[in-house]
Amino acid sequence: MKPVSAALRRLEIPGVTVFENGSGDLLRLAIHSPLAEAHIYLHGAHVSHFQPRDAAPVLFMSRQSAFAPDKPIRGGVPVIFPWFGARAGHPESPAHGFARLSEWQVESLTIDGDEIVTAVFQLKSNTRTRELWPHDFTLRYRVAVGRTLRMTLEVENTGTEPFSFENALHTYFTVGDVRETATTGLEGAEYLDKTDGMQRKKQGPEPIRITSETDRVFEGTRKTCVLDDPKQKRRVTVEKSGSQTTVVWNPWVAKSAAMTDFGHDEWPGMLCIETANAGANAITLAPGKSHAMRTVISVG
Ligand code: BG6
């Protein structure tokens, strides 16, 4: 078991936040505020749990997730950087980049007058990240836990050359039955269909309903999405800024069976609506410049 350092203990807000050993003995921040509960692993700065008071949990977590320093966590909100999916021309590189596989530092932990708890995590380029991606950067990830979950990922170019990156807050939502859900906000938008050789298609005027494996990368959209979940009698709203891509993903039957860190029967209980900048929406940052992407999750 990894002991909690004195430096982390000093950041704790008594009665509200505590650092503890979570699954796989990985360190996590647990927040129990008057407004909500949340867990955030330092591994990947990964939000694995968010539950406003008097509401059901919002995020899906696979019961088969790995919790290990060299593996991503399956569920919650993986932080994706600096490439989305497989890295073009680099089959040896980890899928979805290295941010979700890295141990992040905790920069600060605060609670404001409205009882919103904000944790700020930081990841700086280092020898290991430079071996995978030869650029200097600082990532700052601000997670604000209140009645809503507000996550802001800031990328700063601390090097001397411009670089391009993709990113995503790969949010897994827990749903009553994905086949009964309807997602609005992407009507008429163009997408690349990853289940059909990356063909470019256009979403019709109707909400998205999940009737088979779905893996759609919507480019050029800044719109808010609303996930209607009649079985749980709730709507989840995903608002965003600094993001031009939205990805909608459900692995359905065959892909679920092929994933070792996902239960074969778990696909009906989840849907990913991901706030991203991917493909044609990749961001190029000049030295000294920063880019911020934000997503705000609310339930009602
Ligand atoms: C989605 C991708 O964002 O993430 C899918 O569009 C992918 O193609 C899914 O299968 C999960 O990726 P991973 O690397 O966590 O298994």
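Order of listing sets the numbers, starting from 1, for every ligand and every atom in it.
- Residues F137 and F165 place their aromatic rings such that the two centres sit no closer than 6.0 Å.
- At the top of the distance list for atom 1 (C) of ligand 1, counting protein heavy atoms only, stands H170 NE2, 3.3 Å.
- Ion pairing between a basic and an acidic side chain is recognised when a charged N comes within 4.0 Å of a carboxylate O; D228 and R234 show no such pairing.
- Shown in contact with R100 at under 4.0 Å from a heavy atom are these atoms of ligand 1, numbered in order with element: 13 (P), 14 (O), 15 (O).
- Close approach to D215 involves these atoms of ligand 1, each under 4.0 Å from a residue heavy atom: 2 (C), 5 (C), 6 (O), 8 (O).
- Proximity of R216 to ligand 1 is not established, as no heavy-atom distance is less than 4.0 Å.
- In this structure, H135 and F163 have tilted ring planes: the angle between them lies in the 30° to 60° band.
- Outside the 6.0 Å centre-distance limit, the rings of Y41 and H39 are not counted as a close aromatic pair.
- Protein heavy atom nearest atom 12 (O) of ligand 1, with residue, atom name and distance: H96 NE2, 3.4 Å.
- Remark: aromatic rings of F81 and W133 are close, center separation under 6.0 Å.
- Protein heavy atom closest to atom 10 (O) of ligand 1, with residue, atom name and distance, is K255 NZ, 2.8 Å.
- Between the W104 side chain and the A99 main chain, a donor and an acceptor come within less than 3.5 Å of each other.
- When only non-hydrogen protein atoms are considered, atom 3 (O) of ligand 1 lies nearest to E274 OE1, 2.8 Å.
- One option in R74, M259, K194 has a heavy atom closer to atom 13 (P) of ligand 1 than any other, and that option is R74.
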